Each structure stands twice: as structure tokens, then as C-alpha cells.
Visitor: 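My questions all concern the structure below.
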Amino acid sequence: MPKLIPNKRIEYGENDGKIQYIDIVFFPNKIKQSQKEPDEAEYIAVSRSGKVVRYKSDMQWKTTHHTVSNVSSIAVNGLVGLPEFSVICLSVVGGQLLFYDMSSGQFKLCLIVELSTCSTATHLAHVHTYCERKKIGSSKIAVGDGEGGVSVVEFISSDKWNPFRDNLGDAHETPTYDFNQLVVGTRAQDQIPFRAYRYQGLHPKKVEQVVFYNKGRSFATVSMSNRKSMAQCLMMPEQCEARGSSPILPFIRYTPNAMGFSCVCAIRDTHLATGSMDKTVRLWDVTDQVSGPMDCITLMGHSWGVKRVSHNTVNGHLYSVSTECEIKVWDLHRNTCLLTFTGLTVAAEPNNNENWPFSVMHFNWFDQTIISVVGIDANSFMTVECNKPTVTGQEVSRPRDDKSHDTPVVRTLYNALYHVLISVSADSSISVWNLLTGVVIIKWSMAHTEEVYCEVLPVEITAANFDPSGGLLVTGAANGSIHMWDPNNGKCLTRLRIPSGGRISEVVWLPDKILVTGFDRRVTEFNDPLLQSKGKVWLSSHEEAVLSACVKLPSLFVTTSQAGVMGFWRLETGQLIKKYKARMRPDTRKSRNSSSASKSQMASSLGSKSQMSSISYVGSRIGETGGLETREEKLKRLNIKHTPREHYAAVATHFLRARPEDSNVGTLLMATRNGMVQIWCTYKVPKYVSQFMAIHIADDYVTSMVSDHKNEYLITSFESGYIKTWLVTNFGQPRHMIYSVDMPSLRLRFPYLMKMSFIGQAERAASKNMNGPLLVSAYRAHSQRINHIEYIEKLELIVSSSVDKMICVWTLAGHYVGTLGMEWPHISKSRPVNVLQFKIPADIQRQASFTTIQVLKDGVNSSLRSPAIWDKRELMKQQSDIRGKKGKRKLHYEKCPDLPLHDIHEDFLKTKTASIRRPVTIKVDELKPRIKIHKHVPLRELGTITDIPKLEKIKTELTPKENVVFFKK
């Protein structure tokens with residue numbers, strides 16, 4: 001991730017005022033044959049007045065030089081470096097190119113080129129190529145001018161020839177050449193070791209930027225013109241030389257854009273990246289030389305115009321900088337934004353986003369840094385280190401170092417067809433994640449938008465789901481829009497909208513239709529999801545907003561509202577079968593005795609019934625604040641316990657689809673706002689079966705529910721950030737379908753069930769549910785609300801999406817696996833994940849409870865996991881038993897013997913086996929996902945028990961019908 005280094009004040013080495021820099025270049029370390037030691041890496045900056053300042057790689061000042069020219073007053077407007085020759089080129093107003101030798105710390109003017117047709121240079125570009133077969137190098141410099149033309153100068157070099165040191169003229173005079181004499185195709189160029197090419201009138205406006213590509217054989221220029229925004233020129237010097245004085249017109253391809261282009265850069269000689277003031281970055285495929293429109297990929301995400309683009313050749317990412325000083329890093333393999341860096345915005349403090357605050361911005365990919373100089377006062381360097389993300393065997397780096405999304409995550413879904421995770425966030429962005437590596441595959445933003453005062457703004461995504469085949473994604477937004485997506489490339493297939501335009505709460509994609517519920521209190525049906533069709537609204541509706549919905553094929557659809565009302569619908573006809581109100585706990589009001597006592601006390605105090613009604617009538621009109629009295633104030637005045645209205649809301653529903661449809665068999669789970677989870681039977685006529693309290697914190701409630709395909713475990717997420725797992729095999733079942741639970745196996749699998757000396761709050765609250773399910777795991781997963789929870793059956797993983805912008809992955813036992821976008825462990829593709837190194841997330845570690853640490857650390861706090869403490873507990877137990885026996889003897893005045901009264905048990909006591917001690921080390925097979933400890937514990941073999949003669953003799957004397965054994969005295 002980019003890191004902003006504190007600003008370093010610019011040192012000039014002179015006391016003649018500030019220097020306004022116009023450009024800066026970087027020279028890496030270089031060893032020459034004539035030098036014993038290499039040249040030190042350095043930055044070279046030039047000012048408009050012609051001062052050249054050298055800095056070390058850490059931006060420490062070295063020396064300052066002054067340029068010399070034939071013109072009286074020097075005004076430099078461009079700088080470019082030639083590191084292969086250790087030479088810099090300065091463009092001077094008036095049409096001169098000054099070449100200075102910077103090797104070995106010197107500053108020597110070695111060459112001058114007169115540009116008669118280019119009086120004002122706007123941008124300089126450089127490229128160097130080398131032919132191994134011919135042992136010849138070629139260096140080209142392109143100069144863009146204010147008239148829209150480009151002038152190119154080419155220098156030929158070899159191991160024996162340096163065009164800047166091996167001059168043909170007088171050694172004491174600086175060679176000066178006219179550009180017209182260097183142009184390819186003229187007669188004068190035969191005696192000159194340089195080449196030149198002139199391209200006039202490429203753009204009607206000035207050239208903003210020039211870049212070489214195609215191994216230096218082509219170049220591209222951009223301008224702010226709307227018709228000739230980008231020009232691509234293919235240089236053909238071989239054909240020009242062969243035909244003599246009749247040069248061939250170059251191949252030029254123009255690309256228009258409404259607002260023009262402000263910057264351009266080359267990507268691996270196959271693509272061009274352009275930035276525009278329309279807030280977009282475009283990628284152009286230049287491999288096709290056929291005339292016509294080029295293939296273009298648009299990258300959106302900037303809030304202001306793009307001023308700089310640069311391709312990092314080390315990690316393969318594209319960096320773009322906008323006018324508001326915001327840096328975005330793009331992954332070119334998947335055309336998505338990896339991260340956004342706003343450190344320059346804080347450091348530069350631009351007063352107006354329309355004005356570019358930097359006078360210099362140089363991308364140094366040798367050291368992976370970005371060097372900038374603030375243009376307002378020009379008194380400090382700004383350095384941004386871009387050494388992360390890097391490529392370490394993978395093409396895609398981690399998107400962020402702290403969060404999975406920039407805004408709260410609404411939902412994360414597992415796609416079993418592609419084996420990926422797809423998450424949607426509140427900023428209308430959709431990300432596709434690789435579950436095995438934890439990195440983003442593709443991400444696109446602005447999925448749902450709306451236009452407000454001629455400005456396009458993102459709309460919050462509130463619902464998401466897959467089609468029955470799993471190949472397509474459907475999302476719903478807060479403005480009532482519904483979009484279908486192809487998750488492979490992020491392409492939108494269809495756009496729909498519900499008639500009311502209200503907030504969408506749930507989207508269900510069935511084989512032949514899409515059902516949409518929302519805050520408009522109705523159910524909208526789309527019969528042709530992939531076509532532009534208008535939604536059909538079902539006739540019946542709820543009185544409050546619909547919060548959740550679930551379906552059970554082939555014919556049942558259930559919705560729940562904010563008023564706690566459940567609606568049962570027929571899928572075929574859209575007819576409402578019945579409405580039921582969620583059943584609340586009976587302890588929400590006082591008992592009958594207390595209520596009757598309060599009524600009698602109230603009647604005696606008021607005197608008469610009419611007087612009581614008149615007082616209550618007056619009291620209901622005047623509240624504590626002087627206005628109308630609310631229902632809560634009235635119940636408080638009458639000392640009546642009540643439940644707030646919002647606690648009746650049914651916030652989540654889930655079907656146990658593996659259970660059979662039978663009478664008294666609960667198949668529908670519903671969570672209410674007061675923390676209760678109810679189970680209903682949907683066989684023929686829906687009816688209430690049972691309920692249990694799922695919370696242990698006040699004002700908490702279940703936000704999402706999911707179960708495995710066998711409906712053995714129910715996983716619930718909470719407003720407080722907790723995740724709880726319940727064993728629901730016997731919950732809501734009739735008595736003849738209840739079977740025993742294997743507790744030893746559950747204790748081996750879930751560390752929450754291990755016996756502890758301390759009982760947590762969650763366990764104490766769950767013990768009050770006499771008829772509820774068994775709580776097998778409870779831990780805090782997030783510091784804030786969990787919006788959605790997903791279960792991956794094949795890997796036995798839990799995926800939680802939270803308001804804290806994180807997407808965390810957990811095992812079914814409660815062990816932390818990792819967070820998407822951060823450090824990610826190795827995950828198996830086909831079998832359940834078994835965590836060997838137990839960790840606690842940093843944000844949870846500060847506020848984790850005893851139970852959370854016990855679950856996440858796999859019970860390391862328990863004495864049962866420490867052999868030394870186990871032996872100590874056994875010794876203490878033996879000592880307590882001995883002290884107990886001595887205490888009993890004292891109570892009986894030492895009349896109680898040590899052995900039983902009957903001597904016939906003496907031989908039997910001798911044969912009693914010793915107690916089994918837990919071994920200190922146990923060798924287990926850790927490759928399996930589940931470890932059965934009882935199979936690895938060694939047991940001592942029992943010796944033969946000697947027969948007791950007296951008992952055998954008595955047994956033979958008894959008749960066969962008798963079953964009682966008598967003992968002789």
C-alpha cells in the first residue's frame with residue numbers, strides 16, 4: 001500500500017530566493033568502463049530560470065548548476081533524462097534543445113539542437129532500445145509543442161561510439177545542429193550522425209503529453225481536442241532512407257473524446273492508458289494496426305479529472321492521480337481498483353480541486369516511489385513509497401491492509417458453481433473474491449446509480465442473491481432498482497425497477513420469476529427477469545415495511561414485517577393464505593395477581609369508575625413534555641411493563657428444508673427484535689410450535705440465520721457482533737422424533753462445550769431455555785453489527801459480513817481463519833478446514849470475553865488442555881478425598897473402620913484396578929479434519945479377577961428360579 005513519507009523541505013544551496021521547479025528526473029546507479037566506481041543514484045531537478053539542482057536518493061541536496069545558452073534570457077520549459085548516456089536534455093523557450101553531460105559529477109554542455117519550428121515545448125519523452133544482433137543502440141527524444149506538432153530526434157550509439165562525447169567538430173566548441181538538417185530524407189543529413197522526424201499539425205491544440213511504445217517504433221500524443229484527442233504515429237525510418245528524398249507519410253490513427261485526454265502512458269507495448277477530465281481512465285489495445293476504432297476498457301472511480309497515469313513495470317499495476325490528489329491503484333489483469341490512497345490530499349491541502357496543486361510529479365519505478373513538489377509555495381518534497389502491493393508469485397495483490405471494503409459490507413454470498421465469494425457493500429461496489437487465496441478477482445463500483453442535480457451518485461445496495469443455476473447475480477438497491485450481473489466480467493445484463501421506487505429488503509430469484517419485497521409493504525413479481533418487463537404487484541400487502549422473506553418450493557412464500565406480522569403466500573397465484581402475529585414471551589407483562597392488585601389499588605384511590613376514566617382521559621392528552629402523551633409515557637405512569645413497538649419486528653426468517661412436512665414438525669424459524677427465535681410448523685395450516693431466547697446481552701437481537709444442509713446446526717449472527725451455533729436436531733420436533741445427543745463427540749468438536757471452572761454469560765443465558773436447542777458455540781466475531789452470515793457446506797466455513805467493513809471467515813467450531821483482503825492461510829479445496837494455529841482478530845482481542853477467548857483459542861484457558869495442571873488437579877482431588885475420610889472418622893469418634901465389615905471383600909479389593917491417568921503427550925493424526933481423542937488414549941489392560949469360593953458355593957446351592965444371592969455371616 002502507498003505510504004506517505006513526511007514532507008522534506010527543499011534545499012537549494014543558494015540564498016537567492018525560492019526556485020520554481022518545472023520537472024525532475026531520476027538517474028539510477030550506473031557503472032561505466034572508464035570509471036572505477038559507479039555513479040551514485042540521484043534526482044536532477046530543473047527550474048524555469050535554468051538552475052539545475054542535484055539531490056541524493058533520499059532528497060538531500062548535493063549541488064546546484066546554472067545553464068548557459070546563446071539566447072540572452074533563459075526560460076526552460078521541459079526536462080528529460082537519458083540515463084544510458086548520463087545526459088539530460090533541456091528545452092528552452094525559443095526553440096533550443098540543450099544536452100548536458102552529468103557523469104562523474106560534472107555539468108558540461110555537450111550538444112545543442114536548434115528547433116526552428118518548435119518555439120514552445122510542452123512535453124518531452126524519451127525511449128532507449130538496443131539491438132543485440134547489430135550491437136547498436138537507439139535513443140529517441142520526442143518534443144511536443146504548443147501548435148499540436150511533435151519533433152523527434154534519434155541518437156545512434158554503439159560500444160565504440162557515443163554521440164555526446166565523440167564529436168566531429170572542434171573539441172573546444174559545443175556542436176550545434178539545425179533540426180532541419182537532421183530531418184530524414186534531406187541531403188544534408190548524410191554527414192550528420194543523428195536523425196530527426198517532424199510531425200506537424202497532429203492536434204489543433206497543444207500537445208499535453210507524448211509517450212513511446214512498440215519498442216520505440218511508434219509514439220502517441222494526447223491533447224484536449226475533442227475530435228483529435230489522441231494520435232498514434234508509426235515511424236518508418238527504413239522506408240524513408242530507401243526512397244531517398246521522398247519520405248513516406250507516417251501511419252496516423254486518431255481517437256476522439258468529448259473532453260479530450262490530459263495524460264497518457266504505455267503498458268507493455270500492447271496497450272495505452274489515457275486519463276481525461278471526465279473522471280475516467282481508459283485502456284486501449286494497440287496491437288491491432290488496422291485503421292478504425294480500437295478496443296477500449298473504461299475504469300471508473302475517480303471523483304475529479306485524471307491528471308497523471310503511470311504504469312508500474314515491477315508489479316504490473318496502473319497508478320492514476322486525479323486533480324484532488326487522490327491516487328488509485330488498478331489491477332490491469334482484472335480491470336478493477338485495488339486501493340485508493342488519499343494521503344496526498346491531506347498533505348497537499350488543495351484550496352480548489354480544479355487547480356492542480358503540484359508543479360512536479362515524477363514516477364520513479366526504480367525505487368517504487370512518487371516524488372512531488374507542491375506548486376503553491378514549492379518549498380517541500382512529497383514522497384510516496386509504493387513498494388506494496390508487490391507481486392510474489394501471484395498477479396493480484398491484496399486490495400487493502402486493514403479492511404475488505406471501504407464501506408459497511410451488506411452481504412457476502414458463496415457461489416458453488418465458480419467456488420468464489422461475492423460481496424456487496426453500501427457504496428454500491430461489488431467484489432468477487434478467491435476463497436483459496438483471499439484476494440479480489442474482479443471489482444466494479446457504481447453498480448446502482450441515480451442522478452441528483454445533474455450529478456451521478458452511487459446508491460446503497462440492500463439485497464443480493466443468485467439465480468437457481470448460480471451463474472448470475474441479482475442486486476437490489478435503496479432506490480428500488482434491480483440489476484442482473486455476470487460475475488465473471490461485471491457486465492450488467494438487465495436493469496429493472498419496482499413501481500414504487502422504495503427501498504428493497506429482499507430479492508428471491510426462482511426458476512421462472514423474481515420476487516422482490518421492500519419498504520413499500522408489497523411483493524413485486526417479475527416474470528421475465530432477463531427482459532425489460534414491468535413488475536406485477538401482488539394485491540395483498542402488509543401494514544408495515546417488509547423486512548425479510550424466504551421461500552420453500554414448490555408453493556410457499558413467507559414474508560415478515562416491521563410490526564411482527566408473518567404473511568404466508570402461494571407462489572403459483574400470489575394469493576395471501578394467512579397472516580399471523582409473532583408470539584411474544586408471556587413475561588412482557590405483569591402476572592395476573594400483580595395486575596389485579598394494581599387495578600384494585602387504582603380503583604380504590606380514584607373512588608369511582610367514571611372518575612378513573614375521566615382522569616385517564618385527561619392524562620392521555622398531557623405528557624411530561626407538555627404535549628400529547630405517548631403510549632410509553634402512559635404505561636410508565638400506570639406502572640405497567642411493556643415491550644417497545646420496534647421489538648415486535650420480525651427481522652430474519654429461515655426454512656429448515658431437510659425436515660419433513662408433517663404435523664407438529666417445525667420447519668420455519670423466525671427471529672424477532674426482542675431477541676427471541678420462534679419455530680413454526682407450515683404443514684397445511686401454519687401454527688406456532690416453540691421459541692427460545694437467543695441473546696445474552698440487553699437490546700440485542702438476531703440479524704441473520706443459516707443452517708447446514710442436514711439442519712443439524714443453526715448459525716445465528718447478532719447486532720452486537722456475536723456468532724452463535726445451536727444444535728437444533730431436537731428443537732421443534734415431536735416426542736417420537738427426538739433422539740439422544742452424543743455429547744462426547746460434541747465436546748471434542750466444539751471447544752465451547754469444554755468444562756470450565758467459570759461459566760460465561762452466554763452459557764448462563766442459554767441454560768434458561770428449557771425447551772430450546774443446545775448452544776454449542778458462542779463468540780464475538782466483529783466489534784459492530786453483523787449484517788449477513790453465510791455457511792459453506794463443503795468446507796464447513798462461516799462467512800460473516802459486518803458494518804465494520806470486514807468479511808471474516810470462521811470454522812464451524814468457531815476458530816478464526818482470516819479476513820478477506822488481509823493475510824490469508826492455506827485452505828483446502830475439497831475437505832473441511834482444520835485450523836492449527838489459533839488466532840484472535842486485533843479488533844476483537846481488546847474486548848473479547850472469557851468465552852470468546854476460550855472458543856477462538858480452542859480451549860487453551862481450560863485446565864483440561866494442560867497436562868501439568870491436570871496432574872495437579874488429580875493430586876488435589878486425592879488430598880481432598882483423604883481429608884474427607886479423616887473428617888468422617890472424627891465424626892464417628894474413630895469407630896468407623898477403614899475396611900468394610902465383611903471380610904469376603906478383601907480379595908475383591910485387592911484386584912481393583914488403578915484409576916486411569918491422562919498421559920502427558922498423545923500422538924494424534926492432525927491431517928484429519930476431526931480428531932477423536934478417545935481413540936488415541938492408551939488404556940491399561942485389566943488383570944484376571946480371582947474367583948471368590950464362598951460366593952460360588954452359595955450360587956450353586958440356590959434353585960434356578962431364584963435370582964437373589966445370600967451371604968453367610
Side-chain angles (χ1 to χ4, degrees), residues 403-433 435 440-448 458-468 470-485 487 490 492 503-509 514-519 546-551 560 651-655 671 701-707 715-719 721 723 781-782 784-793 797-810 819-821:
K403 305 293 182 183
S404 302
H405 277 270
D406 296 331
T407 54
V409 184
V410 177
R411 188 165 296 188
T412 303
L413 304 174
Y414 174 70
N415 192 304
L417 180 63
Y418 302 114
H419 303 287
V420 295
L421 290 173
I422 300 180
S423 62
V424 297
S425 61
D427 61 348
S428 193
S429 64
I430 304 175
S431 301
V432 181
W433 303 86
L435 183 59
V440 64
I441 299 175
I442 182 174
K443 178 181 179 180
W444 63 94
S445 58
M446 306 292 284
H448 293 258
V459 181
E460 177 187 359
I461 299 177
T462 57
N465 212 331
F466 290 116
D467 71 320
L472 301 177
L473 175 70
V474 57
T475 57
N479 62 347
S481 60
I482 305 167
H483 292 179
M484 285 74 171
W485 307 90
C492 184
R503 184 184 183 91
I504 295 176
S505 60
E506 193 67 42
V507 179
V508 181
W509 196 333
I514 287 182
L515 300 180
V516 182
T517 60
F519 281 30
V546 179
L547 300 182
S548 66
C550 60
V551 64
T560 59
V651 293
T653 54
H654 178 70
F655 265 114
Y701 63 93
V702 177
T703 57
S704 179
M705 296 185 293
V706 69
S707 64
I715 306 167
T716 56
S717 61
F718 293 83
E719 170 76 17
I723 293 179
H782 295 270
Q784 299 182 32
R785 168 192 168 98
I786 300 178
N787 288 328
H788 184 260
I789 197 166
E790 185 82 359
Y791 181 68
I792 304 175
E793 184 72 31
L797 293 178
I798 301 173
V799 183
S800 57
S801 308
S802 175
V803 178
D804 59 7
K805 310 173 187 178
M806 292 186 181
I807 304 174
C808 297
V809 181
W810 318 80
T819 303
L820 294 181

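Residues take their numbers from the sequence shown, with the count starting at 1. The basis for the numbers below is simple: all heavy atoms, side chains too, and nothing from hydrogens, waters or symmetry mates. Bear in mind that the values here come from a model prediction, so they are computed numbers and not experimental data.
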Visitor: How far apart are the closest heavy atoms of Trp433 and Val420, and which atoms are they?
Guide: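 Nearest heavy atoms, Trp433 then Val420: O-CB, 3.3 Å.
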
Visitor: Can you tell me how far apart OG (Ser717) and CD1 (Ile786) are? Round to the nearest 0.5 Å.
Guide: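 With rounding to 0.5 Å, OG (Ser717) is 5.0 Å from CD1 (Ile786).
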
Visitor: Identify the heavy atoms of Gln784 and Val803 that sit nearest to each other, and give their distance.
Guide: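 For Gln784 and Val803, the tightest heavy-atom pair comes out as OE1-CG1, 3.4 Å.
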
Visitor: Heavy-atom distance under 4.5 Å between the side chains of Leu421 and Ile792, does that happen here?
Guide: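 The answer is yes, as the side chains (C-beta and beyond) meet within the 4.5 Å cut-off.
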
Visitor: Could you give the distance from CG (Asn465) to CG (Leu413), rounded to the nearest 0.5 Å?
Guide: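 Here the rounded value is 6.5 Å.
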
Visitor: Considering residues at least two apart in sequence or located in another chain, which fulfil the ring-ring contact (aromatic ring centres under 6.0 Å, His included) criterion with His448?
Guide: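 ring-ring contact (aromatic ring centres under 6.0 Å, His included) check on His448 returns His483.
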
Visitor: With side-chain contact (heavy atoms from CB on, under 4.5 Å) as the test, would you mind laying out the steps for Met806 and Thr819 before giving the verdict?
Guide: CA-CA 7 Å; Met806 292 186 181; Thr819 303; 4.2 Å; yes

Visitor: Can you tell me how far the CH2 atom of Trp810 sits from the CD1 atom of Ile715, to the nearest 0.5 Å?
Guide: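 Output value for this atom pair is 13.0 Å.
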
Visitor: So which heavy atom on Ala464 is nearest to which on Thr475, and how close?
Guide: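 Smallest interatomic distance, heavy atoms only, reads CB-CG2, 4.1 Å.
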
Visitor: Please round to the nearest 0.5 Å and tell me the distance separating atom CG of Leu820 and atom CD1 of Ile807.
Guide: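 Leu820 CG to Ile807 CD1: 5.0 Å, rounded to 0.5 Å.
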
Visitor: Indicate yes or no: at least one non-hydrogen side-chain atom of Phe718 is less than 4.5 angstrom from one of Val702.
Guide: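 Result yes, sub-4.5 Å side-chain heavy-atom pair found.
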
Visitor: Asp804 and side-chain hydrogen bond (donor to acceptor under 3.5 Å, both in side chains): which single residue from Lys403, His782, His405 fits?
Guide: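 Single pass found, and it is His782.
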
Visitor: Would you mind reporting whether Tyr414 and Val799 have side-chain heavy atoms less than 4.5 Å apart?
Guide: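 Result no, sub-4.5 Å side-chain heavy-atom pair not found.
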
Visitor: Please report the shortest heavy-atom distance between Arg785 and Thr703, naming the atom on each side.
Guide: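 For Arg785 versus Thr703, the nearest heavy atoms are NH1-CG2, 3.6 Å.
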
Visitor: Are the side chains of Ser800 and Ile723 in touch, meaning some heavy atoms are under 4.5 Å apart?
Guide: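 Yes, at least one pair of side-chain atoms sits under 4.5 Å.
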
Visitor: Search all heavy atoms of Asn787 against all heavy atoms of Ser704 and return the closest pair with its distance.
Guide: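 Asn787 and Ser704 have their closest heavy atoms at O-CB, 4.1 Å.
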
Visitor: Does the Asp427 side chain pair with the main chain of Pro458, one donor and one acceptor, at a distance under 3.5 Å?
Guide: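 The answer is no, because no donor-acceptor pair under 3.5 Å joins these two groups.
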
Visitor: Kindly give the heavy-atom pair with the smallest separation between Gly490 and Ile442, and that separation in Å.
Guide: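 In this case the closest contact between Gly490 and Ile442 is N-CD1, 4.0 Å.
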
Visitor: Kindly say whether Ser423 contributes a backbone atom to a donor-acceptor pair with the side chain of Ser431 at under 3.5 angstrom?
Guide: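 Not at all, since once roles are kept as given, no pair shorter than 3.5 Å links the two residues.
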
Visitor: Nearest 0.5 Å please: distance from the CG atom of Leu417 over to the CZ atom of Phe466.
Guide: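 It is 9.5 Å, given to the nearest 0.5 Å.
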
Visitor: Does any part of the side chain of Leu473, heavy atoms only, come nearer than 4.5 Å to the side chain of Trp509, both counted from C-beta?
Guide: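 Counting from C-beta outward, Trp509 and Leu473 never come under 4.5 Å.
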
Visitor: Is any side-chain heavy atom of Ile461 less than 4.5 Å from a side-chain heavy atom of Arg411?
Guide: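 The answer is no, as the side chains (C-beta and beyond) never meet within the 4.5 Å cut-off.
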
Visitor: When you measure from the side chain of Ser428 to the backbone N and O of Glu460, does any donor-acceptor pair fall under 3.5 Å?
Guide: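 It does not hold such a pair.
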
Visitor: Can you find a pair of side-chain heavy atoms, one from Ser505 and one from Thr517, that are under 4.5 Å apart?
Guide: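 Yes - at least one pair of side-chain heavy atoms lies under 4.5 Å apart.
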
Visitor: Kindly compute the distance separating OG1 (Thr716) from CD1 (Ile789), expressed to the nearest 0.5 Å.
Guide: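 With rounding to 0.5 Å, OG1 (Thr716) is 7.0 Å from CD1 (Ile789).
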
Visitor: Is there a side-chain contact between Ile514 and Val507, using heavy atoms and a 4.5 Å cut-off?
Guide: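 SC-SC contact between Ile514 and Val507 confirmed.
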
